[in-house]
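Atoms considered below: every heavy atom in the structure, side chains included; atoms not considered: hydrogens, waters and symmetry mates.
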Amino acid sequence: MAKPNPRKPPSGRTNLASCIVAIIFLIFIAIVVLIVFFTLFKPKDPKISVNAVQLPAFSISNGTVTFTFSQYVTVNNPNRAVFTHYDSSLQLLYAGSQVGFMFIPAGKIASGKTQYMAATFSVKSFPLSANQPESVNAGPNVTDGLRGFRVGPAMEIESRLEMAGRIRVLHFFTHHVEAKSECRVAIAVSDGSVLGFHC
């Protein structure tokens with residue numbers, strides 16, 4: 001009776017072929033994961049839209065002005081993960097100098113959601129500049145009767161809103177993201193009404 005031949009151990013070529021197939025398969029899986037990550041989970045910066053700017057209180061005296069500044073914005077998180085912001089601020093500039101500043105409390109914006117935010121703070125008095133841009137200076141001037149200080153009918157301030165934070169993708173990868181918004185606001189010197197703003 002013939003005895004069955006024992007199986008031959010796998011040759012080195014067979015082992016090498018198996019390793020190559022396994023490596024190719026792992027590379028293919030890695031490429032698919034990267035494609036899915038960069039199409040669905042690629043981190044994007046949040047979008048800030050300024051809806052309104054108001055000055056609830058405004059006064060001018062002896063060539064100096066003081067007011068309360070309010071800005072209303074919407075922040076959209078386009079990511080598939082929660083946006084956690086923790087280092088955010090709003091600052092006001094006039095004639096290149098900072099005249100107001102406010103920290104924005106830390107918070108979270110859910111995935112794909114839009115959050116409405118409002119910031120209101122008082123601005124300490126500061127002197128008006130006689131060198132206003134021509135586009136703001138159009139029209140008759142207002143004269144301070146005490147010192148004869150001439151200022152334009154409108155003043156222009158700049159607001160800078162910066163929001164920074166992080167997004168954690170798939171609970172493992174953390175990415176730093178930030179959003180910025182800069183607006184130029186024209187304000188009537190006579191009563192503090194907002195003539196317009198451009199962001």
Side-chain angles (χ1 to χ4, degrees), residues 41-129 131-133 136 151-152 154-189 191-199:
F41 298 99
K42 182 180 180 181
K44 301 175 183 177
D45 289 333
K47 306 296 182 184
I48 299 177
S49 299
V50 178
N51 301 322
V53 176
Q54 296 178 350
L55 273 65
F58 180 90
S59 64
I60 181 171
S61 176
N62 297 330
T64 62
V65 63
T66 182
F67 55 85
T68 300
F69 182 82
S70 296
Q71 182 167 291
Y72 304 90
V73 303
T74 54
V75 184
N76 176 258
N77 176 19
N79 296 284
R80 294 177 177 266
V82 175
F83 169 50
T84 303
H85 59 89
Y86 50 82
D87 188 13
S88 307
S89 63
L90 173 64
Q91 63 173 327
L92 291 181
L93 294 97
Y94 175 72
S97 300
Q98 180 177 299
V99 295
F101 184 86
M102 176 184 180
F103 282 110
I104 298 175
K108 295 181 179 182
I109 303 177
S111 166
K113 299 296 182 181
T114 298
Q115 182 171 322
Y116 297 89
M117 304 177 70
T120 300
F121 58 95
S122 298
V123 177
K124 294 182 179 180
S125 61
F126 59 89
L128 286 172
S129 172
N131 300 322
Q132 290 288 320
V136 178
V151 296
M155 58 180 285
E156 186 176 84
I157 61 174
E158 183 179 353
S159 71
R160 293 181 182 175
L161 175 61
E162 298 182 1
M163 298 186 70
R166 66 175 181 269
I167 291 175
R168 183 167 294 173
V169 179
L170 301 177
H171 302 287
F172 294 104
F173 306 103
T174 301
H175 295 272
H176 177 81
V177 294
E178 61 182 20
K180 297 181 180 180
S181 174
E182 297 184 2
C183 299
R184 303 179 76 87
V185 185
I187 302 168
V189 175
D191 58 1
S193 59
V194 177
L195 302 176
F197 61 91
H198 177 71
C199 302

Taking all non-hydrogen atoms of both residues, which atom of [X] and which atom of [Y] are closest, and how far apart?
| X | Y | answer |
| --- | --- | --- |
| Leu195 | Ala154 | CD1-CB, 3.7 Å |
| Asn51 | Phe197 | O-CZ, 3.8 Å |
| Ser70 | Thr120 | OG-OG1, 2.9 Å |
| Pro43 | Val177 | CB-CG1, 4.4 Å |
| Val75 | Ile48 | CG2-CG1, 4.3 Å |
| Val50 | Cys183 | CG2-SG, 3.5 Å |

Atom pair [atom1] ([X]) and [atom2] ([Y]), whose distance is rounded to the nearest 0.5 Å:
| X | Y | atom1 | atom2 | answer |
| --- | --- | --- | --- | --- |
| Leu93 | Glu156 | CG | CD | 11.5 Å |
| Asn77 | Lys47 | CG | NZ | 11.0 Å |
| Met102 | Leu90 | CE | CG | 7.5 Å |

**OP:** Anything under 30° is parallel, anything over 60° is perpendicular, the rest tilted; go ahead and classify Phe58 against Phe67.
**Re:**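 Parallel, since the angle between the ring planes stays under 30°.
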**OP:** Return the orientation label for the Phe103 and Phe101 ring planes: parallel under 30°, perpendicular over 60°, tilted otherwise.
**Re:**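 Ring orientation, 0 to 90° scale: perpendicular.
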Original post:
If you draw a 6.0 Å radius around CZ in Phe121, do more than 12 non-hydrogen atoms from other residues or ligands fall strictly inside?
Top reply: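 Enclosed: over 12 neighbouring heavy atoms sit under 6.0 Å from CZ of Phe121.
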**OP:** Would you check, one step at a time, whether the test side-chain contact (heavy atoms from CB on, under 4.5 Å) holds for Val185 with Leu92?
**Re:** CA-CA 10 Å; Val185 185; Leu92 291 181; over 6 Å; no
Original post:
Got a sec, which residues hit salt bridge (Lys or Arg N to Asp or Glu O under 4.0 Å) with Glu158, two or more places apart in sequence or on another chain?
Top reply: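 Per chain and number, Glu158 pairs via salt bridge (Lys or Arg N to Asp or Glu O under 4.0 Å) with Arg160.
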